[in-house]
2 protein chains.
Amino acid sequence: MIIPLSSMAKAKHTISVSAEEKIREAARRVFMKKGYAATRTRDIAEEAGLNLALLNYYFRSKEKLFGIVMEERMKQFFGVITPLMYDTTTTLDRKIEMIVSNYVDMLLQNPDLPLFILNEIRHNSDLFNRFQAGRLIHGSHFVTQLKEKQPGIHPLHFVVSILGMTIFPFVAKPVLQSAGGINQQLFVAMMEERKTLVPKWAKAMIKMK
Amino acid sequence: MIIPLSSMAKAKHTISVSAEEKIREAARRVFMKKGYAATRTRDIAEEAGLNLALLNYYFRSKEKLFGIVMEERMKQFFGVITPLMYDTTTTLDRKIEMIVSNYVDMLLQNPDLPLFILNEIRHNSDLFNRFQAGRLIHGSHFVTQLKEKQPGIHPLHFVVSILGMTIFPFVAKPVLQSAGGINQQLFVAMMEERKTLVPKWAKAMIKMK
DNA sequence: GTCTATACAAAGATAGAC
DNA sequence: GTCTATCTTTGTATAGAC
(Lines give C-alpha, C1' and ligand atoms only; values in the text may rest on other atoms or scores of the structure.)
Protein backbone atom coordinates (compact mmCIF):
# COMPACT_ATOMS: atom_id res chain seq x y z
CA MET A 1 0.00 0.00 0.00
CA ILE A 2 1.24 3.42 -0.90
CA ILE A 3 0.92 6.20 1.65
CA PRO A 4 0.82 9.66 0.07
CA LEU A 5 3.41 12.14 1.24
CA SER A 6 0.76 14.60 2.31
CA SER A 7 -0.71 12.10 4.78
CA MET A 8 2.68 11.45 6.29
CA ALA A 9 3.22 15.13 6.77
CA LYS A 10 -0.20 15.44 8.36
CA ALA A 11 0.44 12.55 10.73
CA LYS A 12 3.75 14.04 11.75
CA HIS A 13 2.04 17.29 12.63
CA THR A 14 -0.40 15.61 14.98
CA ILE A 15 2.26 14.20 17.28
CA SER A 16 4.55 17.25 17.66
CA VAL A 17 3.29 20.80 17.35
CA SER A 18 4.53 22.48 14.22
CA ALA A 19 6.86 25.45 14.36
CA GLU A 20 4.15 27.61 12.89
CA GLU A 21 1.81 26.60 15.68
CA LYS A 22 4.47 27.19 18.33
CA ILE A 23 5.02 30.71 17.06
CA ARG A 24 1.31 31.50 16.96
CA GLU A 25 0.85 30.36 20.53
CA ALA A 26 3.93 32.16 21.76
CA ALA A 27 2.72 35.29 19.99
CA ARG A 28 -0.65 35.01 21.69
CA ARG A 29 0.94 34.83 25.14
CA VAL A 30 3.40 37.67 24.59
CA PHE A 31 0.99 40.00 22.79
CA MET A 32 -1.66 39.42 25.47
CA LYS A 33 0.80 40.12 28.24
CA LYS A 34 2.58 43.17 26.85
CA GLY A 35 0.32 44.54 24.12
CA TYR A 36 1.29 45.11 20.51
CA ALA A 37 3.60 48.08 20.87
CA ALA A 38 5.64 46.75 23.78
CA THR A 39 6.11 43.33 22.22
CA ARG A 40 9.37 42.63 20.41
CA THR A 41 9.52 39.93 17.78
CA ARG A 42 12.57 38.59 19.63
CA ASP A 43 10.38 37.99 22.70
CA ILE A 44 8.02 35.88 20.64
CA ALA A 45 10.82 33.85 19.07
CA GLU A 46 12.36 33.23 22.47
CA GLU A 47 9.00 32.28 24.01
CA ALA A 48 8.48 29.81 21.16
CA GLY A 49 11.97 28.39 21.64
CA LEU A 50 12.68 29.06 17.99
CA ASN A 51 14.70 31.38 15.87
CA LEU A 52 13.63 34.88 14.98
CA ALA A 53 13.88 34.23 11.25
CA LEU A 54 11.14 31.59 11.46
CA LEU A 55 8.69 34.24 12.48
CA ASN A 56 9.21 36.08 9.26
CA TYR A 57 9.21 32.88 7.27
CA TYR A 58 5.74 31.78 8.38
CA PHE A 59 4.14 35.16 8.92
CA ARG A 60 5.30 38.05 6.84
CA SER A 61 5.65 40.59 9.61
CA LYS A 62 4.93 41.40 13.23
CA GLU A 63 1.77 43.19 12.16
CA LYS A 64 0.44 40.22 10.17
CA LEU A 65 1.11 37.87 13.07
CA PHE A 66 -0.65 40.25 15.41
CA GLY A 67 -3.65 40.44 13.14
CA ILE A 68 -4.05 36.67 13.30
CA VAL A 69 -3.77 36.57 17.08
CA MET A 70 -6.15 39.48 17.44
CA GLU A 71 -8.81 37.88 15.26
CA GLU A 72 -8.72 34.70 17.34
CA ARG A 73 -8.99 36.63 20.60
CA MET A 74 -11.84 38.81 19.36
CA LYS A 75 -13.73 35.70 18.33
CA GLN A 76 -13.30 34.41 21.85
CA PHE A 77 -14.27 37.69 23.50
CA PHE A 78 -17.38 38.42 21.47
CA GLY A 79 -18.23 34.82 20.66
CA VAL A 80 -19.27 34.15 24.24
CA ILE A 81 -22.35 36.33 24.00
CA THR A 82 -23.20 36.77 20.33
CA PRO A 83 -25.02 33.43 19.89
CA LEU A 84 -26.89 33.95 23.17
CA MET A 85 -27.97 37.46 22.28
CA TYR A 86 -29.39 36.33 18.95
CA ASP A 87 -31.13 33.23 20.31
CA THR A 88 -34.89 33.64 19.90
CA THR A 89 -35.84 30.55 21.92
CA THR A 90 -34.74 31.71 25.40
CA THR A 91 -36.46 34.08 27.80
CA LEU A 92 -34.94 37.41 28.75
CA ASP A 93 -34.17 36.24 32.29
CA ARG A 94 -32.49 33.10 31.05
CA LYS A 95 -30.41 35.10 28.56
CA ILE A 96 -29.11 37.33 31.33
CA GLU A 97 -28.17 34.36 33.49
CA MET A 98 -26.35 32.68 30.63
CA ILE A 99 -24.50 35.79 29.46
CA VAL A 100 -23.14 36.54 32.92
CA SER A 101 -22.33 32.95 33.76
CA ASN A 102 -20.60 32.20 30.47
CA TYR A 103 -18.61 35.40 30.62
CA VAL A 104 -17.41 34.85 34.17
CA ASP A 105 -16.33 31.31 33.38
CA MET A 106 -14.43 32.40 30.30
CA LEU A 107 -12.85 35.43 31.98
CA LEU A 108 -11.65 33.38 34.94
CA GLN A 109 -9.69 31.36 32.39
CA ASN A 110 -8.60 34.47 30.46
CA PRO A 111 -8.46 37.37 32.91
CA ASP A 112 -6.28 39.56 30.66
CA LEU A 113 -8.54 39.26 27.64
CA PRO A 114 -10.89 42.25 28.09
CA LEU A 115 -8.23 44.85 28.75
CA PHE A 116 -6.15 43.50 25.87
CA ILE A 117 -9.05 43.58 23.41
CA LEU A 118 -10.48 46.93 24.46
CA ASN A 119 -7.10 48.60 24.55
CA GLU A 120 -5.95 47.37 21.16
CA ILE A 121 -9.28 48.28 19.59
CA ARG A 122 -8.99 51.78 20.92
CA HIS A 123 -5.55 52.17 19.39
CA ASN A 124 -6.71 50.77 16.08
CA SER A 125 -10.48 50.85 15.69
CA ASP A 126 -10.23 49.26 12.26
CA LEU A 127 -9.45 46.00 14.03
CA PHE A 128 -13.01 45.82 15.28
CA ASN A 129 -14.70 47.15 12.18
CA ARG A 130 -12.86 44.66 10.01
CA PHE A 131 -13.84 41.84 12.36
CA GLN A 132 -17.62 42.09 12.26
CA ALA A 133 -19.21 45.18 10.85
CA GLY A 134 -21.50 46.84 13.38
CA ARG A 135 -24.92 45.78 14.62
CA LEU A 136 -23.48 43.05 16.86
CA ILE A 137 -25.63 44.36 19.69
CA HIS A 138 -28.01 46.69 17.91
CA GLY A 139 -30.02 44.15 15.94
CA SER A 140 -30.05 41.32 18.46
CA HIS A 141 -33.07 39.53 19.91
CA PHE A 142 -31.79 40.45 23.37
CA VAL A 143 -32.22 44.13 22.58
CA THR A 144 -35.71 43.50 21.24
CA GLN A 145 -36.72 41.74 24.45
CA LEU A 146 -35.30 44.57 26.54
CA LYS A 147 -37.18 47.16 24.51
CA GLU A 148 -40.45 45.27 25.12
CA LYS A 149 -39.98 45.17 28.87
CA GLN A 150 -38.84 48.79 29.22
CA PRO A 151 -39.86 50.91 26.23
CA GLY A 152 -38.92 54.10 28.07
CA ILE A 153 -35.24 53.30 28.54
CA HIS A 154 -32.71 52.78 25.76
CA PRO A 155 -31.92 49.02 25.80
CA LEU A 156 -28.21 49.74 25.57
CA HIS A 157 -28.38 51.07 29.13
CA PHE A 158 -29.12 47.57 30.36
CA VAL A 159 -26.59 45.90 28.09
CA VAL A 160 -23.87 48.27 29.27
CA SER A 161 -24.79 47.77 32.90
CA ILE A 162 -24.83 43.98 32.72
CA LEU A 163 -21.58 43.79 30.78
CA GLY A 164 -20.03 46.44 33.01
CA MET A 165 -20.86 44.57 36.20
CA THR A 166 -19.55 41.36 34.65
CA ILE A 167 -16.43 42.49 32.80
CA PHE A 168 -15.27 45.52 34.78
CA PRO A 169 -13.92 43.58 37.78
CA PHE A 170 -11.49 41.83 35.45
CA VAL A 171 -10.44 45.09 33.85
CA ALA A 172 -9.82 46.68 37.24
CA LYS A 173 -8.40 43.54 38.84
CA PRO A 174 -4.98 44.91 39.85
CA VAL A 175 -6.58 47.95 41.46
CA LEU A 176 -9.19 45.88 43.27
CA GLN A 177 -6.59 43.54 44.65
CA SER A 178 -4.34 46.32 45.85
CA ALA A 179 -6.87 48.96 46.93
CA GLY A 180 -9.62 46.56 47.89
CA GLY A 181 -7.35 44.31 49.90
CA ILE A 182 -8.35 41.00 48.33
CA ASN A 183 -6.12 38.16 47.20
CA GLN A 184 -6.40 35.93 44.15
CA GLN A 185 -8.40 33.28 45.97
CA LEU A 186 -11.01 35.73 47.24
CA PHE A 187 -11.18 37.35 43.81
CA VAL A 188 -12.10 34.05 42.20
CA ALA A 189 -14.67 33.31 44.92
CA MET A 190 -16.30 36.71 44.43
CA MET A 191 -16.49 36.28 40.68
CA GLU A 192 -18.26 32.96 41.24
CA GLU A 193 -20.73 34.73 43.54
CA ARG A 194 -21.37 37.31 40.87
CA LYS A 195 -22.72 34.61 38.58
CA THR A 196 -25.87 34.69 40.73
CA LEU A 197 -25.69 38.23 42.11
CA VAL A 198 -25.42 40.14 38.83
CA PRO A 199 -28.39 38.42 37.13
CA LYS A 200 -30.50 38.96 40.26
CA TRP A 201 -29.69 42.67 40.24
CA ALA A 202 -30.08 42.99 36.49
CA LYS A 203 -33.55 41.43 36.48
CA ALA A 204 -34.64 43.80 39.23
CA MET A 205 -33.33 46.78 37.26
CA ILE A 206 -35.32 45.82 34.21
CA LYS A 207 -38.53 45.35 36.20
CA MET A 208 -38.21 48.67 38.06
CA LYS A 209 -40.73 51.46 37.56
CA MET B 1 10.08 101.07 43.03
CA ILE B 2 12.32 98.10 42.43
CA ILE B 3 10.86 94.93 41.03
CA PRO B 4 12.81 91.78 41.95
CA LEU B 5 14.01 89.63 39.10
CA SER B 6 12.21 86.62 40.51
CA SER B 7 8.87 88.39 40.26
CA MET B 8 9.55 89.35 36.69
CA ALA B 9 10.34 85.77 35.83
CA LYS B 10 7.18 84.66 37.56
CA ALA B 11 5.12 87.24 35.71
CA LYS B 12 6.63 86.16 32.44
CA HIS B 13 5.57 82.59 33.10
CA THR B 14 1.97 83.59 33.59
CA ILE B 15 1.67 85.08 30.13
CA SER B 16 3.57 82.52 28.04
CA VAL B 17 3.82 78.87 29.03
CA SER B 18 7.35 77.70 29.77
CA ALA B 19 9.02 75.08 27.60
CA GLU B 20 8.97 72.65 30.48
CA GLU B 21 5.23 73.10 30.81
CA LYS B 22 4.71 72.75 27.06
CA ILE B 23 6.54 69.43 27.10
CA ARG B 24 4.61 68.10 30.08
CA GLU B 25 1.28 68.93 28.45
CA ALA B 26 2.33 67.51 25.11
CA ALA B 27 3.51 64.37 26.88
CA ARG B 28 0.16 64.05 28.61
CA ARG B 29 -1.72 64.22 25.32
CA VAL B 30 0.53 61.81 23.43
CA PHE B 31 0.93 59.28 26.25
CA MET B 32 -2.83 59.28 26.84
CA LYS B 33 -3.54 58.77 23.17
CA LYS B 34 -0.95 56.10 22.33
CA GLY B 35 0.13 54.59 25.64
CA TYR B 36 3.68 54.45 26.96
CA ALA B 37 5.15 51.81 24.67
CA ALA B 38 3.79 53.22 21.41
CA THR B 39 4.80 56.78 22.21
CA ARG B 40 8.02 58.08 20.72
CA THR B 41 9.84 60.93 22.37
CA ARG B 42 9.96 62.55 18.96
CA ASP B 43 6.14 62.63 18.91
CA ILE B 44 6.10 64.51 22.17
CA ALA B 45 8.70 67.03 21.00
CA GLU B 46 6.75 67.65 17.82
CA GLU B 47 3.44 67.96 19.69
CA ALA B 48 5.08 70.53 21.96
CA GLY B 49 6.49 72.41 18.98
CA LEU B 50 9.95 72.11 20.51
CA ASN B 51 13.12 70.23 19.96
CA LEU B 52 13.74 66.68 21.06
CA ALA B 53 16.79 67.63 23.09
CA LEU B 54 14.70 69.84 25.37
CA LEU B 55 12.83 66.81 26.55
CA ASN B 56 15.99 65.27 27.90
CA TYR B 57 17.19 68.57 29.26
CA TYR B 58 14.14 69.07 31.51
CA PHE B 59 13.26 65.46 32.23
CA ARG B 60 16.02 62.91 32.29
CA SER B 61 14.31 60.25 30.22
CA LYS B 62 11.09 59.11 28.59
CA GLU B 63 10.38 56.97 31.64
CA LYS B 64 10.79 59.84 34.11
CA LEU B 65 8.52 62.06 32.04
CA PHE B 66 5.94 59.29 31.89
CA GLY B 67 6.07 58.84 35.65
CA ILE B 68 5.19 62.50 36.16
CA VAL B 69 2.29 62.38 33.71
CA MET B 70 1.04 59.13 35.19
CA GLU B 71 1.01 60.47 38.72
CA GLU B 72 -1.05 63.48 37.67
CA ARG B 73 -3.56 61.31 35.80
CA MET B 74 -3.90 58.83 38.66
CA LYS B 75 -4.61 61.69 41.03
CA GLN B 76 -7.37 62.79 38.69
CA PHE B 77 -8.79 59.29 38.25
CA PHE B 78 -8.85 58.26 41.89
CA GLY B 79 -9.22 61.76 43.32
CA VAL B 80 -12.79 62.00 42.07
CA ILE B 81 -14.06 59.41 44.52
CA THR B 82 -11.53 59.12 47.35
CA PRO B 83 -12.73 62.18 49.32
CA LEU B 84 -16.35 61.14 48.85
CA MET B 85 -15.74 57.59 49.99
CA TYR B 86 -14.07 58.75 53.18
CA ASP B 87 -16.62 61.45 53.99
CA THR B 88 -18.40 60.51 57.23
CA THR B 89 -21.02 63.27 57.02
CA THR B 90 -23.00 62.04 54.00
CA THR B 91 -25.58 59.28 53.77
CA LEU B 92 -24.97 56.14 51.71
CA ASP B 93 -27.54 57.14 49.11
CA ARG B 94 -26.05 60.57 48.73
CA LYS B 95 -22.56 59.11 48.39
CA ILE B 96 -23.69 56.90 45.53
CA GLU B 97 -25.31 59.80 43.72
CA MET B 98 -22.22 61.94 44.10
CA ILE B 99 -19.75 59.22 43.05
CA VAL B 100 -21.64 58.43 39.86
CA SER B 101 -22.37 62.03 38.99
CA ASN B 102 -18.84 63.25 39.60
CA TYR B 103 -17.33 60.38 37.66
CA VAL B 104 -19.58 60.83 34.65
CA ASP B 105 -18.83 64.55 34.53
CA MET B 106 -15.10 63.97 34.74
CA LEU B 107 -15.10 61.11 32.24
CA LEU B 108 -17.09 63.08 29.69
CA GLN B 109 -14.21 65.55 29.78
CA ASN B 110 -11.56 62.78 29.81
CA PRO B 111 -13.02 59.77 28.01
CA ASP B 112 -9.64 58.09 27.44
CA LEU B 113 -8.57 58.27 31.07
CA PRO B 114 -9.86 54.93 32.45
CA LEU B 115 -8.46 52.72 29.73
CA PHE B 116 -5.15 54.56 29.88
CA ILE B 117 -4.85 54.23 33.66
CA LEU B 118 -6.02 50.64 33.94
CA ASN B 119 -3.91 49.48 31.04
CA GLU B 120 -0.69 51.11 32.19
CA ILE B 121 -1.23 49.84 35.72
CA ARG B 122 -1.62 46.32 34.43
CA HIS B 123 1.67 46.55 32.55
CA ASN B 124 3.45 48.01 35.55
CA SER B 125 1.58 47.43 38.78
CA ASP B 126 4.25 49.27 40.75
CA LEU B 127 2.81 52.46 39.33
CA PHE B 128 -0.28 52.03 41.46
CA ASN B 129 1.43 50.69 44.55
CA ARG B 130 3.88 53.59 44.54
CA PHE B 131 1.01 56.05 44.15
CA GLN B 132 -1.04 55.26 47.23
CA ALA B 133 -0.39 52.06 49.10
CA GLY B 134 -3.52 49.90 49.34
CA ARG B 135 -6.62 50.40 51.45
CA LEU B 136 -7.97 53.13 49.17
CA ILE B 137 -11.29 51.33 49.12
CA HIS B 138 -10.90 48.81 51.90
CA GLY B 139 -10.86 51.17 54.88
CA SER B 140 -13.32 53.78 53.62
CA HIS B 141 -16.48 54.98 55.31
CA PHE B 142 -18.38 54.01 52.17
CA VAL B 143 -17.46 50.36 52.71
CA THR B 144 -18.50 50.58 56.36
CA GLN B 145 -21.91 51.93 55.38
CA LEU B 146 -22.37 49.19 52.79
CA LYS B 147 -21.44 46.52 55.32
CA GLU B 148 -24.09 47.84 57.74
CA LYS B 149 -26.87 47.73 55.14
CA GLN B 150 -25.94 44.31 53.75
CA PRO B 151 -23.82 42.28 56.18
CA GLY B 152 -24.26 39.13 54.08
CA ILE B 153 -22.65 40.43 50.90
CA HIS B 154 -19.04 41.54 50.57
CA PRO B 155 -19.17 45.35 50.19
CA LEU B 156 -16.73 45.21 47.29
CA HIS B 157 -19.50 43.61 45.22
CA PHE B 158 -21.43 46.87 45.36
CA VAL B 159 -18.38 49.05 44.80
CA VAL B 160 -17.40 47.03 41.74
CA SER B 161 -20.95 47.11 40.36
CA ILE B 162 -21.37 50.85 40.79
CA LEU B 163 -17.97 51.66 39.34
CA GLY B 164 -18.47 49.12 36.58
CA MET B 165 -21.78 50.60 35.50
CA THR B 166 -20.25 54.08 35.60
CA ILE B 167 -16.80 53.56 34.11
CA PHE B 168 -17.27 50.58 31.79
CA PRO B 169 -19.18 52.46 29.07
CA PHE B 170 -16.16 54.72 28.62
CA VAL B 171 -13.78 51.77 28.48
CA ALA B 172 -15.91 50.06 25.86
CA LYS B 173 -16.85 53.23 24.00
CA PRO B 174 -15.46 52.30 20.56
CA VAL B 175 -17.24 48.95 20.67
CA LEU B 176 -20.51 50.46 21.85
CA GLN B 177 -20.47 53.05 19.11
CA SER B 178 -19.72 50.53 16.39
CA ALA B 179 -21.66 47.49 17.60
CA GLY B 180 -24.38 49.41 19.43
CA GLY B 181 -25.00 51.79 16.58
CA ILE B 182 -24.81 55.03 18.55
CA ASN B 183 -23.03 58.24 17.63
CA GLN B 184 -21.06 60.64 19.82
CA GLN B 185 -24.07 62.83 20.55
CA LEU B 186 -26.24 59.94 21.71
CA PHE B 187 -23.36 58.57 23.76
CA VAL B 188 -23.07 61.81 25.70
CA ALA B 189 -26.84 61.96 26.20
CA MET B 190 -26.89 58.42 27.54
CA MET B 191 -24.06 59.09 29.97
CA GLU B 192 -26.02 62.06 31.28
CA GLU B 193 -29.04 59.79 31.77
CA ARG B 194 -26.88 57.33 33.68
CA LYS B 195 -26.23 59.98 36.33
CA THR B 196 -29.77 59.27 37.57
CA LEU B 197 -30.24 55.69 36.33
CA VAL B 198 -27.18 54.11 37.93
CA PRO B 199 -27.79 55.49 41.45
CA LYS B 200 -31.43 54.43 41.25
CA TRP B 201 -30.39 50.88 40.34
CA ALA B 202 -27.57 50.78 42.85
CA LYS B 203 -29.79 51.82 45.75
CA ALA B 204 -32.28 49.11 44.83
CA MET B 205 -29.51 46.51 44.72
CA ILE B 206 -28.35 47.40 48.19
CA LYS B 207 -31.86 47.25 49.61
CA MET B 208 -32.68 43.87 48.05
CA LYS B 209 -33.34 40.80 50.16
C1' DG C 1 12.21 24.19 7.07
C1' DT C 2 15.54 25.87 10.17
C1' DC C 3 19.50 28.15 11.39
C1' DT C 4 23.47 32.21 11.68
C1' DA C 5 24.76 36.46 10.38
C1' DT C 6 23.64 40.87 8.94
C1' DA C 7 21.36 44.74 6.69
C1' DC C 8 18.38 48.55 7.56
C1' DA C 9 15.34 51.58 10.07
C1' DA C 10 13.58 53.58 14.23
C1' DA C 11 14.07 55.48 18.67
C1' DG C 12 16.31 57.09 23.04
C1' DA C 13 19.86 59.78 24.61
C1' DT C 14 23.82 63.10 24.35
C1' DA C 15 27.58 66.48 22.66
C1' DG C 16 28.55 70.77 21.57
C1' DA C 17 27.49 75.20 19.07
C1' DC C 18 24.92 79.34 19.75
C1' DG D 1 17.86 77.52 27.47
C1' DT D 2 17.46 76.07 22.89
C1' DC D 3 19.02 74.26 18.80
C1' DT D 4 21.48 70.82 15.07
C1' DA D 5 23.96 66.92 14.47
C1' DT D 6 25.30 62.50 16.00
C1' DC D 7 26.08 58.35 18.88
C1' DT D 8 24.15 53.95 20.56
C1' DT D 9 20.80 50.71 21.23
C1' DT D 10 17.10 48.23 19.89
C1' DG D 11 13.99 46.05 16.76
C1' DT D 12 12.20 44.41 12.20
C1' DA D 13 13.25 42.13 8.26
C1' DT D 14 16.19 39.57 4.94
C1' DA D 15 20.16 36.88 2.73
C1' DG D 16 22.21 32.84 2.35
C1' DA D 17 24.22 28.42 4.30
C1' DC D 18 22.72 23.87 5.63
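Within a heavy-atom distance below 4.0 Å of DNA chain C, no residue of residues 33-42 of chain A is found. Interface residues of residues 48-68 of chain A facing DNA chain C, ordered by number: Leu50(A), Asn51(A), Ala53(A), Leu54(A), Tyr57(A), Tyr58(A); criterion, heavy-atom separation under 4.0 Å. For residues 23-30 of chain B, proximity to DNA chain C is found at no residue, defined as any non-hydrogen atom under 4.0 angstrom from a strand atom.
Legend: residues meeting side-chain hydrogen bond (donor to acceptor under 3.5 Å, both in side chains) with Glu21(B), ordered by chain and number and at least two apart, are Arg24(B). Evaluation of the side-chain contact (heavy atoms from CB on, under 4.5 Å) rule for Ala38(A) yields Lys34(A), Ala37(B) as partners, not counting sequence neighbours. The side-chain hydrogen bond (donor to acceptor under 3.5 Å, both in side chains) search around Ser161(B) returns Arg194(A), not counting sequence neighbours. By the side-chain hydrogen bond (donor to acceptor under 3.5 Å, both in side chains) test, Gln76(A) is found to be paired with Arg73(A), residues two or more places apart in sequence or in another chain being considered. In this view, Asp87(B) and Thr89(B) satisfy the side-chain hydrogen bond (donor to acceptor under 3.5 Å, both in side chains) rule, not counting sequence neighbours. In this view, Arg42(A) satisfies the salt bridge (Lys or Arg N to Asp or Glu O under 4.0 Å) rule with no residue, not counting sequence neighbours.
In this structure, CZ of Phe31(B) is placed 14 Å from P of dA11(C), rounded to the nearest angstrom.
Counting only residues at least two apart or in different chains, ring pair (Phe, Tyr, Trp, His ring centres under 6.0 Å) contacts with residues 153-181 of chain B comprise Trp201(A)-Phe158(B), Phe170(B)-Phe187(B). Within the structure, salt bridge (charged side-chain N to carboxylate O under 4.0 Å, His left out) pairs that include any residue of residues 99-119 of chain B comprise Arg122(A)-Asp112(B), Asp105(B)-Lys195(B) (at least two apart or interchain). Among pairs with a residue in residues 52-72 of chain A, those fulfilling ring pair (Phe, Tyr, Trp, His ring centres under 6.0 Å) read Phe31(A)-Phe66(A), Tyr36(A)-Phe66(A), at least two apart in sequence or across chains.
Checked for salt-bridge contact, Arg29(B) and Glu47(B) meet the test: a charged N lies under 4.0 Å from a carboxylate O.
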